Q: 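This structure is in structure tokens; I'll ask about it shortly.
Everything numeric in this text was worked out from a predicted model, so none of it was measured. Just so we're on the same page: letters track the sequence lines, and every chain starts at 1.
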Number of protein chains: 2
Amino acid sequence: MKNKVKQLREQYGLTQAQLGEKVNVSRQAINAIEKSKFDPSIWLAYDLAEFFNMTIEELFEFEESERK
Amino acid sequence: MKNKVKQLREQYGLTQAQLGEKVNVSRQAINAIEKSKFDPSIWLAYDLAEFFNMTIEELFEFEESERK
DNA sequence: TTTATATGTAAGGTTAACCTTACACAGGGA
DNA sequence: TCCCTGTGTAAGGTTAACCTTACATATAAA
């Protein structure tokens, strides 16, 4: 699903691996979410949104996303 | 995880099965979420929050919940 | 009492969201 | 040129979020 993770991660000057450490997932998981390869679990969505100081709905663009 | 689904569902006068139909999951899935047997997918969380006209963060109480 | 509805739960199956390991490639610096 | 870092991706495994079917129980209505 569409999201702002890559954009925000770069604004924060972090690599995928570093962001993964912050939210306790692998760098591949971060990559997959940025590339829309799979949807995050609700906890990962929450952790990412919290890290970037926004709501889940702001970070993940449900309206503009296709549902698998 | 803790959530307000049961309370809101009853306010709306719906059965678990009826709510399941609204958000396209089985009544067992609704039951499991109400009883905190498993966490919703991000899309189900979104659909439920949208149905009850609130955000995911309002419907699901992350702060007060334990993480599996 | 019988019947219908709502809920709770269990079993067994499928799928997707993770994991680790591994490899390829691009760009930058020494 | 040679590394080193960052990214992209694939394979194979585990687990949890669903599914359907089924059964038990409680309550309310007939």
Q: Using a cut-off of strictly less than 4.0 Å between a heavy atom of the residue and any atom of DNA chain D, enumerate the qualifying residues of residues 34-46 of chain B by number.
A: B/Phe38, B/Asp39, B/Pro40, B/Ser41, B/Leu44
Q: A/Tyr12 versus A/Leu19: any side-chain heavy-atom pair under 4.5 Å?
A: no
Q: Is there side-chain contact between B/Ile56 and A/Glu57, with at least one heavy-atom pair below 4.5 Å?
A: yes
Q: Return yes if a side-chain donor-acceptor contact under 3.5 Å exists between B/Tyr46 and A/Glu63, otherwise no.
A: yes
Q: Can you tell me the distance, in whole Å, between the CD1 atom of A/Ile30 and the P atom of D/dG6?
A: 15 Å
Q: Looking at D/dG8, I'd like to know if its phosphate oxygens (OP1 or OP2) sit under 4.0 Å from a side-chain N or O belonging to A/Asn31.
A: yes
Q: Which is it for A/Leu8 and A/Leu48 under the side-chain contact (heavy atoms from CB on, under 4.5 Å) test, yes or no, and what are the steps along the way?
A: CA-CA 10 Å; A/Leu8 285 158; A/Leu48 286 168; over 6 Å; no
Q: Taking all non-hydrogen atoms of both residues into account, name the closest pair between A/Leu14 and A/Arg9 and its distance.
A: O-NH1, 2.9 Å
Q: Is it true that B/Arg67 and A/Asp47 make a salt bridge, defined as a side-chain N closer than 4.0 Å to a carboxylate O?
A: yes
Q: Strictly below 4.0 Å, N to O, side chains only: are A/Glu66 and A/Lys2 in salt-bridge contact?
A: no
Q: Which residues, if any, of residues 5-29 of chain B bring a heavy atom under 4.0 Å of DNA chain C?
A: B/Arg9, B/Thr15, B/Gln16, B/Arg27, B/Gln28
Q: How close do A/Ala29 and A/Phe38 get, counting heavy atoms only, and between which atoms?
A: CA-CZ, 4.1 Å
Q: Heavy atoms of chain B, cut-off under 4.0 Å: which first and last nucleotide of DNA chain C, 5' to 3', fall inside that, if you could look?
A: C/dA6 to C/dA10
Q: What orientation do A/Trp43 and B/Phe62 show, parallel under 30°, tilted 30 to 60°, or perpendicular over 60°?
A: perpendicular
Q: Sub-3.5 Å donor-acceptor pair from the side chain of B/Asp39 to the main-chain atoms of B/Met1, do we have one?
A: yes
